[in-house]
Amino acid sequence: MLLPRVLRLGYAFLSSDALATVAQPLLARAAADLGESCSLGIRDGDEVCYLARAEASRIMSIALRVGSRLPLYCTSMGRVLLAHASPAEQKAYLDRTVLTARTADTVTDPEALLALLRTVREQGYALVDQELEIGLRSIAVPVFGRDRTLLGALNVGAQSVRVSPEQLLDHYLPALQQISVELGLQGVR
C-alpha cells in the first residue's frame, strides 16, 4: 500500500520543474482570456502526463489535474507528442498499444493514426473531436526549446456544445501558439 510520503516525491518533481513553473502563469492568463482550461503535458512512456494546468470555472465531465495521465493516441497533446517521435518510436508504440475505442469517433486503425500523426506534424497542431470522451474537444500545439527539442505540448479543452472545431482553430489555436513561443523563448528544461 502506498503511503502519503509517496506524494512528496511527486510534489518535489512537479514543484522543481522549470517548464511547469514558467508555464503556470501563462496557462492561467490563457484560461482567463479563453474561458477554458489550458494544460501543459509531457510524454511519459505511453501516456501524456499533465505537468501544469489552469482550470476554467466551467464544469467538465473529465477531471484532470497536475499528474493526471491519458493515452497518447486519442488526446490532442498525446498526438502532438507522438507526431514528433521518430517513425521507429511511433511503430514501436503502435506495436505495444491496443487502440481502444473510447467513443465511436476514436481512431483505432494504426495506419489511419499514422496518417493523422503525419498531418499533425506538418500542420503544427492536433485537433481531437470527441475521441477521448463524448462532448469533449481539444486542440494542442508542441512546445519546442530554443534548440528545437520537443519540450512538451499545450492544449485547450472545451465542451463540444459550446465550442466548434472552427472556433478552436480560429480563436484558441493562436493563443496556444503564442504561449508555445513564450515558453520556448524561456529556454527551460
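Quick caveat: nothing in here was measured; it's all calculated off a predicted structure. Values below: every heavy atom of this structure, side chains too, minus hydrogens, waters and symmetry copies. Numbers here are sequence positions counted from 1.
In plain terms, the two heavy atoms of Val48 and Gly41 that are nearest each other are CG2-CA, 4.0 Å. In plain terms, the two heavy atoms of Gln90 and Ala83 that are nearest each other are NE2-O, 3.5 Å. Among all heavy-atom pairs drawn from Ala20 and Ala52, the shortest one is O-CB, 4.1 Å. Considering every non-hydrogen atom in both Ile179 and Ala30, the closest pair reads CD1-CB, 3.3 Å. The shortest non-hydrogen separation linking Thr108 to Leu99 is CG2-O, 3.1 Å. Contact detail for Ala85 and Arg43: the closest heavy-atom pair is CB-NH1, 3.8 Å.
Distance check, rounded to the nearest 0.5 Å: CG of Leu114 to OH of Tyr93 gives 11.0 Å. In this structure, the separation between CG on Leu132 and SG on Cys74 is 5.0 Å, given to the nearest 0.5 Å. To the nearest 0.5 angstrom, Cys38 atom SG is 7.5 Å from Asn155 atom CG. Separation of atoms CG (Leu151) and CD1 (Ile42) is listed at 10.0 Å; rounding is to 0.5 Å. Between the CG atom in Leu154 and the CD atom in Gln177 there is a gap of 10.5 Å [rounded to 0.5 Å]. Note that NE2 of His171 and CG of Asp33 are 8.0 Å apart. Values are rounded to the nearest 0.5 Å.
With contacts defined as side-chain heavy-atom distances shorter than 4.5 Å, the pair Phe144/Leu150 qualifies. Side-chain contact between Leu169 and Tyr125: present, with at least one pair of heavy atoms (C-beta onward) separated by less than 4.5 Å. The shortest side-chain heavy-atom distance between Asp105 and Asp129 does not fall under the 4.5 Å cut-off. Leu127 is listed as a side-chain neighbour of Pro165, based on a closest heavy-atom distance under 4.5 Å. Between Lys91 and Ser86, the closest side-chain pair of non-hydrogen atoms is not below 4.5 Å. Counting only heavy atoms from C-beta outward, the side chains of Ile139 and Ser76 never approach each other to under 4.5 Å.
In summary, the side chains of Ser160 and Arg137 do not present any donor paired with an acceptor at a separation below 3.5 Å, with no hydrogens or angles considered. Between Asp147 and Thr149, the side chains place a donor N or O and an acceptor N or O closer than 3.5 Å (distance only, hydrogens not considered).
Ser180 places no side-chain N or O within 3.5 Å of a backbone atom of Leu176 that could act as its donor or acceptor partner. Between the side chain of Gln24 and the main chain of Arg53, a donor-acceptor pair closer than 3.5 Å is present. No donor-acceptor pair under 3.5 Å is formed between the side chain of Gln159 and the backbone N or O of Val161. Of the possible polar contacts, one joining the Arg96 side chain to the Ala92 backbone as a donor-acceptor pair under 3.5 Å is found. Looking only at distances, a side-chain donor or acceptor of Thr103 sits under 3.5 Å from a matching main-chain atom of Gln130. Gln167 places a side-chain N or O within 3.5 Å of a backbone atom of Ser164 that can act as its donor or acceptor partner. Put simply, the side chain of Thr106 gets close to the backbone of Glu131: a donor and an acceptor are under 3.5 Å apart. Using a distance-only test at 3.5 Å, with no hydrogens or angles considered, no donor-acceptor pair links the side chain of Arg79 to the main chain of Val120.
Hydrophobic clustering (ILVMFWY, side-chain heavy atoms < 4.5 Å, transitive): Leu117 and Leu81 are in one cluster. Leu70 and Val80 fall into different hydrophobic clusters, where Ile, Leu, Val, Met, Phe, Trp and Tyr are joined by side-chain heavy atoms under 4.5 Å apart, directly or via other members. Met77 and Leu72 fall within a single hydrophobic cluster, where Ile, Leu, Val, Met, Phe, Trp and Tyr side chains are chained together by heavy-atom contacts under 4.5 Å. Criterion: ILVMFWY side-chain heavy atoms under 4.5 Å apart, direct or through other members. Under it, Val156 and Leu183 are part of a common hydrophobic cluster. Hydrophobic clustering (side-chain heavy atoms under 4.5 Å, transitive across Ile, Leu, Val, Met, Phe, Trp, Tyr) keeps Val128 apart from Val163.
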Check the pair Tyr172 / Glu36 against side chain to side chain contact (heavy atoms under 4.5 Å, CB included), numbers first and verdict last. CA-CA 9 Å; Tyr172 297 78; Glu36 302 293 348; 3.5 Å; yes
If you apply the rule side chain to side chain contact (heavy atoms under 4.5 Å, CB included), what do you find for Leu173 with Leu168, and how did you get there? CA-CA 6 Å; Leu173 179 58; Leu168 285 175; over 6 Å; no
Walk me through whether Leu27 and Leu40 qualify under side chain to side chain contact (heavy atoms under 4.5 Å, CB included). CA-CA 8 Å; Leu27 294 172; Leu40 168 70; 4.1 Å; yes
Could you walk me through whether Tyr73 and Leu94 satisfy the side chain to side chain contact (heavy atoms under 4.5 Å, CB included) test, starting with their C-alpha distance in whole Å, then the side-chain angles of each, then the deciding distance to 0.1 Å, before giving a yes or no? CA-CA 9 Å; Tyr73 71 93; Leu94 290 172; 5.9 Å; no
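Under a 4.0 Å N-O distance rule, the pair Glu182/Arg29 qualifies as a salt bridge.
In this structure, the side-chain contact (heavy atoms from CB on, under 4.5 Å) partners of Glu47, at least two apart in sequence or on a different chain, are Arg69.
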